[in-house]
Structure formats: structure tokens, C-alpha cells
2 protein chains.
Amino acid sequence: MHKKLMYVCLMYSNELIKGTLKTIVLSLLAKKGRMYGYEITQHVKEETDGKIQLTEGALYPLLHRLEAEGLLETEKENIGKRVRKYYRLTESGNNQATSLAAEFQEFSKTMNRLLNNFSLKPSYYV
Amino acid sequence: MHKKLMYVCLMYSNELIKGTLKTIVLSLLAKKGRMYGYEITQHVKEETDGKIQLTEGALYPLLHRLEAEGLLETEKENIGKRVRKYYRLTESGNNQATSLAAEFQEFSKTMNRLLNNFSLKPSYYV
DNA sequence: ACATTATACCTAATTTTCTTATGCATAAGA
DNA sequence: TCTTATGCATAAGAAAATTAGGTATAATGT
């Protein structure tokens, strides 16, 4: 009884991240040029004040899928005795990144339009 | 060869809807008071100009889950010889609706912060 | 010196949820 | 009368995340 004992939960319920993980990863790579897996998790965590925390069990398989789809390519780099695997966008990966980011912003607008008036006009129940 | 032949695709790739279906349904019910399944699909479709189209295969099981969880309750109504099943929020459903809607808006802000600069500062690749 | 935490990768079993494909039935419209 | 719209439902399969491990090196604390 010594591992991962407490989860102080300031983060989202994570339901929402489901549809957006790919968008996050590709957009980040588009912005940063190249990153390695662990770096992505840390960067997202810091930049969102811990609100979005990618799990490695979700991230690594995704990176592998994206590489298999030809959206990413890798290069390994030796850091001491360890190996880092850097990912960067291919051309089609870059296109995907652009369109997914745009799509999210459109979607986000649509959703807000759909959800709004909600807090203004609460249900008959209240 | 006569059914559902063409899909004119003006809608989102649907990846994004995955995490938000529950939010949509609960928020809509909070706003409208009560709705039946088919009505929800039509309402969402119209209000988003066809960009978000809920499939019945996703919606009905969700409604059943939410009812089982005690977030929704139902009442049946006879329309001619057919039966409509109206859903409305319970108290805890209403709470959930409020917090999910708020969470989405927070999430959406966080995402935009994370994705922004992206189109302004395109990848080295371009 | 030893233990813990951080860095860094990975996978496998399970669960959850969506898609796709049906099925049934009544009502309305062409 | 044939098709589309309304209205419910479920079941098989796919997709993707969670959970829970595993391995190993480097750094830090005590």
C-alpha cells in the first residue's frame, strides 16, 4: 500500500477528453514541432493547471495509431542510457491538426449555442 | 438498394460528440422541461443546422442508462395508437445538468487556451 | 547507502460507449 | 400504394479509454 494512494481531484471528469485527445496531441505537435510522449502529458497538465491530465494508457496507444496512420513520424534519441521517442507531424498529420483544431472550435461554438440560455433559463424543476 | 443511400456530410466527424452526449441531453431537458427521444434528435439537428446528429442507437441506450441512474424519470403518453415516452430530470438529474454544462464551458475555455496560437504560429513544417 | 520519486517507455484486460444494422409499428404524404 | 416520417427498441461489433500492471534509468531525499 504505497502507490498512487490519493487522487486529489481538481480535474475534469474526463468524459470530455474522450473526443478531443487526438485534437490535443496533433495541435500540440503542430505548435511545438516535436515532442515525446511523457513531455506531452506534462505539458498539457501544466498548461491547463492540472485540469486536463492525459493518462499514458490512452496516450501511447494513440501515438502508435497515429504513426501507423501516417500522421506522425518518430525519431529516437538517447538520453544517457535511456531512449526518448520524439514524434512530429507528417504533412498529412499537419493537415489533420489544422482541421481538427478548427473543427473543435466550430463544435465548441455550436455546443455553447445549444447549451446557452440554460443557466439563464433554468428548468421548471428549480 | 433503396435505403440510406447517400450521406451528405455537413456534420462533424462525430468524434467530438462522444464525450458530450450526456451533457447535451441533460442540458436540453433542463431547458425544455420534458422531451421524448425522437424529439431530442430532431431538436438538436435543427438547432445546430444539422451539424450535430444524434443517432438513435446512441441516444436510447443513454436515456435508459440515465433513467437507471436516477437522473431521469419517464412518463408515457398515447398519441393515437402510438406511445411516446417523455423524459424529464429528477433533482439529481438537474444538478448533473448544471454541473455538466458548466464543466463543458470550462473545458471549452481550457481547450481553446491550449489550442490557441496554433493557427497563428503554424508548425515549422509549413 | 537506501528508498523514493521522477523520467520514460510499453502493454493487456476490462469497461464503456458509440456505430451499424436491424426490427416493429403507426401516421402522413406522394 | 409506396415511401417517408414518426417513434420506440435492441444486438453485434468496433473503437477507445480506464485501470493496472511491467521494465528501466536518473535524480533526490534521508
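The chains referred to below are lettered A, B, ... by the order of the sequence lines, with proteins before strands, and numbering in each begins at 1.
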*Return the set of residues passing side-chain contact (heavy atoms from CB on, under 4.5 Å) with B:Lys76 (not counting sequence neighbours), or none when no residue passes.*
B:Val83, B:Lys85
*ring-ring contact (aromatic ring centres under 6.0 Å, His included) pairs, two or more places apart, involving residues 65-101 of chain B*: B:Tyr36-B:Tyr86
*Please state how far atom CD in A:Glu67 lies from atom C1' in C:dC9, giving the value in whole angstrom units.*
14 Å
*Got a sec, which residues hit salt bridge (charged side-chain N to carboxylate O under 4.0 Å, His left out) with A:Lys22, two or more places apart in sequence or on another chain?*
none
*Under the ring pair (Phe, Tyr, Trp, His ring centres under 6.0 Å) rule, collect the residues that match up with A:Phe104, sequence neighbours excluded.*
none
_List the residues meeting side-chain hydrogen bond (donor to acceptor under 3.5 Å, both in side chains) with A:Gln42, not counting sequence neighbours, and say none if there are none._
none
*Is the closest basic N to carboxylate O distance between B:Glu47 and B:Lys31 below 4.0 Å?*
yes
_Using a 4.0 Å heavy-atom cut-off, does B:Leu21 contact any base of the nucleic acid, only the sugar-phosphate backbone, or nothing at all?_
sugar-phosphate
_Closest listed nucleotide, where the reference is the side chain of A:Arg84 and the choices are D:dA9, C:dT19, C:dC9_ = C:dC9
*Which nucleotide sits closest to the side chain of A:Arg82: C:dT11, D:dA26, C:dT19?*
D:dA26
*asked:* Under 4.0 Å from OP1 or OP2 of C:dC9: is there any side-chain N or O of A:Lys76 that close?
replied: no
Mind listing the N/O atom pairs, protein and nucleotides 13-16 of chain C, below 3.5 Å?
none

_With the threshold set at under 4.0 Å for non-hydrogen atoms, list the residues of residues 36-45 of chain A touching DNA chain C in residue-number order._
A:Tyr36, A:Gly37, A:Tyr38
*asked:* Test of understanding: with ring pair (Phe, Tyr, Trp, His ring centres under 6.0 Å), list the residues that count as partners of A:Tyr38, not counting sequence neighbours.
replied: none
_Of all pairs that satisfy side-chain hydrogen bond (donor to acceptor under 3.5 Å, both in side chains), the ones with a partner from residues 56-71 of chain B, not counting sequence neighbours_ = B:Glu67-B:Thr74
